[in-house]
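These numbers come from a predicted model, not from an experiment. Numbers restart at 1 for each chain; the letters A, B, ... are given by sequence-line order, proteins then strands.
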Amino acid sequence: MADRWALSSAEDGGVDVAPLGPEGLPAAPVRREAGPAEAVRSRPGVTRWVWRSTAEVYPRLLAAGVRVERCYDVEAAETLLLGHEGRYGQPRSAAAALARLRGGPVPPDPPQRPAEPGAQSSLFEPRGAHVPLTDLLAVYADQQRRIEATAHPDRMRLLVAAESAGMLVAAEMNRAGLPWRADVHRAVLHDLLGERYAGGGEPRRLAELADEVSAAFGRRVRPDLPADVVKAFAQAGIKVSSTRRWELESLDHPAVKPLIEYKKLYRIRVAHGWSWLQDWVRDGRFRPEFLAGGTVTGRWVTNGGGALQIPKVIRRAAVADPGWRLVVADAAQMEPRVLAAISRDPGLMEVAGRETDLYQSVSDRAFSGDRAQAKLAVLGAVYGQTSGDGLKNLAALRRRFPRAVAYVDEAARAGEEGRLVRTWLGRTCPPATRTTDDAVEEAGIPLTEEESDAARQWVPGYASTDARARGRFTRNFVVQGSAADWTLLLLAALRQAVRDMAAELVFFQHDEVIVHCPEEEAETVVTAIREAAELAGRLTFGPTPVRFPFTTAVVECYADAK
DNA sequence: TACCGGCGCGCC
DNA sequence: AAAGGGCGCGCCGGTA
């Protein structure tokens with residue numbers, strides 16, 4: 001049996017399948033099966049399934065208890081290839097790819113479905129049009145040709161495979177859910193916010209803090225309304241331009257302390273309070289919907305439930321099943337290690353070649369012992385900091401690690417000049433949007449700087465992207481995105497390593513992964529994570545001295561991991 | 001009534 | 001110590 005088969009869904013719920021020949025053509029007649037589960041289950045020797053969309057097919061397979069080893073997600077590949085070809089924004093569906101290939105009218109992509117509690121119900125709705133198997137394979141064959149046409153075909157092939165693996169992991173995580181104790185969550189809310197009064201008013205602690213704020217101002221102030229707060233400070237003779245916490249913290253006024261406390265607790269109530277629990281937790285699991293490759297840098301997003309922003313205090317409610325554990329693994333200083341790997345800066349590679357605290361090592365070399373300064377400077381270089389201590393220390397960083405800083409500087413210059421940048425594996429940033437200056441220039445109207453600023457109010461097509469912001473974006477893109485490349489490979493390797501165990505991947509957040517497993521598997525999982533990280537490093541970046549250590553914690557409760 | 005931009009803050 | 005990059009999301013107030 002060929003190890004690579006294609007599968008496409010038909011309107012009646014059945015599927016067509018065929019083995020792939022060397023040219024991406026069917027190596028045998030197309031066969032009809034009653035459903036994807038039947039088709040896949042009866043072909044255990046298949047090591048990679050080529051299909052239109054993992055999000056369409058795989059949840060149905062998982063619901064039937066069927067997993068696949070690998071897949072090739074045609075629509076994920078199309079998205080990556082369009083980006084690489086500088087055609088960001090063109091419709092990315094298989095149907096659109098086919099139309100481009102055949103020269104027909106290109107259908108727009110279906111609209112994104114908004115977040116919706118209880119996503120289970122929508123798992124089976126088809127997203128996007130069905131494409132007949134032979135057409136799907138025509139698109140697939142064309143994609144293979146386009147991959148070969150890229151600057152680094154081996155990397156692009158790896159990226160497409162990794163993105164496809166990410167789609168599988170995301171679907172499996174969506175099915176598993178994060179173990180969640182609603183009773184513990186309610187206890188935490190009660191501890192923080194106090195009792196709720198009948199009638200739906202604010203919980204006791206919030207009401208008390210609001211009263212304290214009002215008392216401090218000498219009049220009724222709504223602490224949840226920024227405009228009201230700004231006005232109240234103005235009446236007290238204090239000018240504030242916003243009510244952001246860092247700005248309030250510098251003020252000397254009795255309202256500041258209760259106000260900041262109120263904002264913190266208010267945030268928890270609206271974002272992760274009782275109604276969140278009602279909406280997103282069912283049967284002892286928190287079920288957000290993970291979307292692999294949901295951001296331009298390749299980081300994932302979640303749809304609903306604010307899953308990537310769970311406040312630390314609320315993590316108390318993420319508790320393993322009885323007899324099970326959570327293995328919480330966090331990549332240590334991921335971004336500077338990735339910068340070392342992609343820039344090949346000798347000094348930074350040497351530092352990143354050790355598993356010990358990278359910021360401390362950088363500091364020993366460049367800042368005579370101040371770890372905090374070193375961390376600020378490194379992150380400032382990666383983020384494009386424009387002022388403050390990080391900038392001051394950038395000079396020292398540049399002296400010690402010239403190639404690393406030059407790498408992100410070059411990415412920033414590319415952005416400022418309107419060029420595209422790519423991650424290590426070839427994920428490409430979107431093009432710059434039109435700015436005021438572009439629009440004015442195209443219109444041939446000479447304007448002074450003041451007039452140009454004023455024009456922002458009305459010029460059609462204006463987007464708030466100036467060249468400098470663009471530079472900061474591309475500077476960060478190459479590091480954040482290459483880190484995302486690596487984490488995809490990590491997830492793929494870890495998934496393979498635990499496939500015959502009871503362990504399940506239940507959570508992923510940029511540089512942190514949680515595995516839920518029986519207590520007796522925990523140590524094996526810890527080892528698997530370490531090995532997967534090193535394998536991912538070699539696969540992604542090739543031979544490199546850079547190490548990618550994880551800090552792992554085996555805990556019953558997520559909150560105990562730090 | 002529905003939609004949208006701005007705000008502010010949670011996480012990395 | 002400063003306010004730089006990527007997101008999701010709930011609230012508010014303005015507008016259609």
Side-chain angles (χ1 to χ4, degrees), chain A residues 112 114-117 222-230 240-250 259-260 262-273 275-276 279-280 288-291 293-315 330-335 339 370-394 408 411-412 415 421 423 427 429-430 464-465 468-484 487 507-513 558 562:
Chain A
Q112 290 291 311
E116 161 200 342
R222 289 268 308 270
D224 55 325
L225 300 185
D228 203 18
V229 172
V230 170
V240 291
S241 56
S242 76
T243 64
R244 289 188 182 87
R245 193 175 64 224
W246 61 266
E247 186 169 351
L248 296 183
E249 273 168 353
S250 65
L259 188 53
I260 288 173
Y262 177 93
K263 286 157 78 78
K264 184 179 149 210
L265 295 180
Y266 172 81
R267 173 77 195 172
I268 286 168
R269 181 177 73 78
V270 297
H272 289 92
S275 56
W276 180 92
D279 287 342
W280 298 106
E289 185 186 8
F290 287 94
L291 296 176
T295 73
V296 291
T297 60
R299 277 187 172 186
W300 292 18
V301 294
T302 59
N303 197 355
L308 303 185
Q309 303 109 247
I310 303 170
K312 295 236 163 85
V313 285
I314 300 297
R315 296 178 181 185
D330 198 304
Q333 309 102 34
M334 176 177 68
E335 293 191 341
L339 177 57
D370 189 334
R371 180 185 187 276
Q373 280 194 358
K375 183 173 178 179
L376 269 180
V378 170
L379 294 180
V382 171
Y383 289 156
Q385 188 160 15
T386 55
S387 63
D389 274 15
L391 194 67
K392 197 171 61 199
N393 291 322
L394 191 59
V408 288
V421 297
T423 67
R427 191 186 303 267
C429 73
S464 62
T465 309
R468 280 185 183 278
R470 176 78 187 164
R472 287 193 298 273
F473 166 64
T474 50
R475 173 191 294 270
N476 181 254
F477 182 93
V478 295
V479 179
Q480 188 188 116
S482 298
T487 55
F507 192 74
F508 171 60
Q509 182 179 36
H510 313 314
D511 64 350
E512 181 182 353
V513 62
Y558 186 14
K562 287 289 147 67

Checklist entry - Once you round it to whole Å, what is the distance between C1' of B/dG10 and CD of A/Gln309? => result 6 Å
Checklist entry - Contact class for A/Arg267 vs. all strands (heavy atom < 4.0 Å): base, sugar-phosphate, or nothing? => result base
Checklist entry - Reckon A/Arg269 touches a base, only the sugar-phosphate, or nothing at all at heavy-atom distances under 4.0 Å? => result nothing
Checklist entry - Would you say the side chain of A/Lys263 lies within less than 4.5 Å of the side chain of A/Leu248, judging by non-hydrogen atoms? => result yes
Next on the checklist: Test of understanding: with side-chain contact (heavy atoms from CB on, under 4.5 Å), list the residues that count as partners of A/Arg269, not counting sequence neighbours.
Outcome noted: A/Leu193, A/Glu202, A/Pro203, A/Leu206, A/Tyr266, A/Trp274
Checklist entry - Between A/Trp246 and A/Val301, which has a closest nucleotide on DNA chain C that is more 5'? => result A/Trp246
Next on the checklist: Can you work out whether A/Gly306 or A/Glu247 has the more 5'-proximal nearest nucleotide on DNA chain C?
Outcome noted: A/Glu247
Next on the checklist: Under 4.0 Å, heavy atoms only, any strand: does A/Phe508 hit a base, just the sugar-phosphate, or nothing?
Outcome noted: nothing
Checklist entry - A/Arg245 has an atom CZ; how far is it from atom C1' of C/dA2, in whole Å? => result 13 Å
Checklist entry - Using a cut-off of 4.0 Å on non-hydrogen atoms, how would the nucleic acid contact of A/Val382 be classed: base, sugar-phosphate, or nothing? => result nothing
Checklist entry - For A/Arg244, which contact category applies under a 4.0 Å heavy-atom criterion: base, sugar-phosphate, or nothing? => result sugar-phosphate
Next on the checklist: Taking the axis from the first five pairs and the axis from the last five, what angle separates them in the helix from B/dT1-C/dA16 to B/dC12-C/dG5, rounded to 10 degrees?
Outcome noted: 0°
Next on the checklist: Taking any heavy-atom pair under 4.0 Å as a contact, classify A/Arg468: base, sugar-phosphate, or nothing.
Outcome noted: nothing
Item to check | salt bridge (Lys or Arg N to Asp or Glu O under 4.0 Å) involving A/Glu512 - partner list, sequence neighbours excluded | outcome: none
Next on the checklist: Test your reading of the model: is there a side-chain donor-acceptor pair from A/Asp228 to the backbone of A/Arg222, 3.5 Å cut-off?
Outcome noted: yes
